[in-house]
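Throughout, residue positions are numbered sequentially from 1 according to the sequence presented. Because only heavy atoms are used, hydrogens play no part in the values below, and waters and symmetry mates are left out as well, while side chains stay in.
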Amino acid sequence: AATADANKPLRVAVIGASASAGFGCVHRERRDDGEYAASFRLIDMVRLACPELSLVTSDLSSGFFFMAPVRNGEKAAARAREFKPDCVVALDFLFWYCYGDDAPEGGRLKDEAERLAKLELGLKQLEAFEVPVLVGDLPDMSPAVGKMLSAAQMPSAETLRKANARFVEWAAGRSNIRVVPLARMQRQLMEENALDIGGARLEPAKDAPLLQRDALHPAPLGMAGLACAVAVEIKE
């Protein structure tokens with residue numbers, strides 16, 4: 001884990017896709033003088049989850065990451081390195097390196113093997129960081145097919161299994177990689193409609209679901225849960 005001077009701000013770079021960028025993550029609240037709304041990105045809620053830390057951040061996540069993940073991931077990782085971070089939050093960075101319908105070198109995906117080849121390109125980008133990197137594994141987002149995802153963008157169950165096995169192998173050999181278990185968290189969401197994070201259980205409240213209707217992106221309460229998981233790792 002990184003060590004930091006208590007009086008020195010911690011430099012945190014965020015790289016990733018639309019979940020980190022806060023796609024559709026808007027909290028609405030009605031007060032006596034009207035209705036208010038606030039949008040949240042992941043790093044906004046991370047700040048709220050660890051107010052005792054002084055953070056200097058560079059948020060390079062993008063809702064357009066999926067349009068060209070290999071090119072966009074390379075650019076974001078390069079800009080993050082220029083920021084000289086103390087740690088990197090790459091929660092959903094690898095997602096579109098496995099999902100999507102684009103081939104590693106551009107054009108349309110031809111087969112499932114190309115998904116695994118594309119994943120290797122994402123792992124290579126993360127290998128360039130020597131500081132701690134918080135990165136999520138690959139969740140099964142099949143409930144989003146027909147909503148936010150097309151069938152062509154969804155990897156097969158066997159591809160997901162192979163991709164996560166490769167990720168576990170890759171992460172195990174790198175002491176600076178801290179894994180956030182998105183796959184386990186997604187399974188729990190689907191099976192229990194809840195999240196266990198840091199010894200606490202997060203359940204939906206009235207008019208406050210954990211996932212948005214697209215079954216892909218976190219709602220504000222779900223984003224808060226993800227932020228707490230990230231904050232735990234940052235504090236360590």
Side-chain angles (χ1 to χ4, degrees), residues 1-2 10-23 41-43 45-46 49-50 55 57-63 65-66 69-70 72-81 83-100 115-141 155 159-187 195 197-198 216-218 222-223 225-236:
L10 190 70
R11 298 176 67 83
V12 180
V14 181
I15 56 176
S18 54
S20 293
F23 177 88
R41 298 169 75 91
L42 175 64
I43 194 60
M45 289 200 175
V46 170
C50 47
L55 303 180
T57 62
S58 177
D59 189 352
L60 302 165
S61 61
S62 171
F65 193 98
F66 74 100
V70 174
N72 290 335
E74 182 178 2
K75 289 181 179 178
R79 289 179 61 192
R81 290 193 295 273
F83 178 66
K84 299 188 184 306
D86 296 307
C87 72
V88 177
V89 177
L91 193 67
D92 56 345
F93 181 80
L94 292 177
F95 185 85
W96 291 107
Y97 280 95
C98 183
Y99 280 73
R115 296 188 188 278
L116 299 177
K118 188 167 62 168
L119 176 63
E120 293 297 328
L121 298 179
L123 297 177
K124 184 177 180 181
Q125 291 301 326
L126 297 179
E127 287 173 7
F129 293 103
E130 297 180 356
V131 298
V133 181
L134 284 57
V135 57
D137 56 6
L138 297 159
D140 178 1
M141 301 307 295
T159 297
L160 269 180
R161 186 193 67 78
K162 290 180 178 178
N164 275 313
R166 170 60 181 139
F167 174 70
V168 168
E169 174 191 48
W170 173 84
R174 292 169 173 80
S175 60
N176 67 315
I177 300 298
R178 307 295 293 266
V179 177
V180 180
L182 293 182
R184 176 182 61 74
M185 295 167 74
Q186 174 64 12
R187 283 195 302 272
L195 284 176
I197 299 171
L216 183 65
H217 296 97
M223 180 75 89
L226 292 176
C228 287
V230 170
V232 167
E233 295 293 339
I234 288 180
K235 290 176 185 180
E236 290 185 4

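- Under the side chain to side chain donor-acceptor pair (under 3.5 Å) criterion, Arg81 pairs with no residue, sequence neighbours left out.
- The two residues Leu182 and Pro139 have their closest heavy-atom pair at O-CB, 3.8 Å.
- Here the straight-line distance linking atom CE of Met141 with atom CD of Gln186 works out to 4.0 Å at 0.5 Å rounding.
- Distance CG/Asn164 to CZ/Arg184: 13.0 Å, rounded to 0.5 Å.
- For the atom pair CD1 (Ile177) and CG (Leu123), the distance works out to 9.0 Å, reported to the nearest 0.5 Å.
- Contacts classified as side chain to side chain donor-acceptor pair (under 3.5 Å) and involving residues 122-138 (residues at least two apart or in different chains) are given here: Glu127-Trp170, Glu127-Arg174.
- Remark: side-chain polar atoms of Arg41 are paired, donor with acceptor, to backbone N or O of Ser61 under 3.5 angstrom.
- Here Asp140 pairs with Ser142, Met154, Leu160 under the side chain to side chain contact (heavy atoms under 4.5 Å, CB included) rule; sequence neighbours left out.
- Among all heavy-atom pairs drawn from Cys87 and Ile234, the shortest one is SG-CG1, 4.4 Å.
- The six-membered or imidazole ring of Phe93 lies near that of Phe65, with a centre-to-centre distance under 6.0 Å.
- Partners of Arg187 under the side chain to side chain donor-acceptor pair (under 3.5 Å) rule, at least two apart in sequence or in another chain, do not exist in this structure.
- Between Pro69 and Trp96, the shortest heavy-atom contact is CG-O, 3.5 Å.
- The two residues Pro85 and Val88 have their closest heavy-atom pair at CG-CG2, 3.8 Å.
- The distance from atom CZ of Arg115 to atom NZ of Lys162, rounded to the nearest 0.5 Å, is 13.0 Å.
- Between Asp86 and Val131 the shortest heavy-atom distance is O-CB, 3.4 Å.
- Atom CG of Asn72 and atom CZ of Phe66 lie 10.0 Å apart (nearest 0.5 Å).
- Taking the side chain to side chain donor-acceptor pair (under 3.5 Å) definition, one finds that Ser62 meets it with nothing, sequence neighbours left out.
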Please step through side-chain contact (heavy atoms from CB on, under 4.5 Å) for the pair Cys50 and Leu55, ending with a clear verdict.
CA-CA 9 Å; Cys50 47; Leu55 303 180; 4.2 Å; yes
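- A heavy-atom distance below 4.5 Å is found between the side chains of Leu126 and Ile15.
- How far CZ of Phe129 is from CG of Asn176: 10.0 Å, rounded to the nearest 0.5 Å.
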Applying side-chain contact (heavy atoms from CB on, under 4.5 Å), run through Arg79 and Ser58 and close with a yes or a no.
CA-CA 9 Å; Arg79 289 179 61 192; Ser58 177; 5.8 Å; no
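- The heavy-atom pair separating Arg166 from Leu119 by the smallest distance is CG-CD2, 4.4 Å.
- Every side chain to side chain donor-acceptor pair (under 3.5 Å) that Lys235 has, sequence neighbours left out, goes to Glu52.
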Give the C-alpha distance, both sets of side-chain angles, the deciding distance and a yes or no for side-chain contact (heavy atoms from CB on, under 4.5 Å) between Phe167 and Leu94.
CA-CA 10 Å; Phe167 174 70; Leu94 292 177; 3.7 Å; yes
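- Between the side chain of Asp92 and the backbone N or O of Gly16, no donor-acceptor pair lies under 3.5 Å.
- Between Met185 and Leu226, some side-chain heavy-atom pair lies under the 4.5 Å cut-off.
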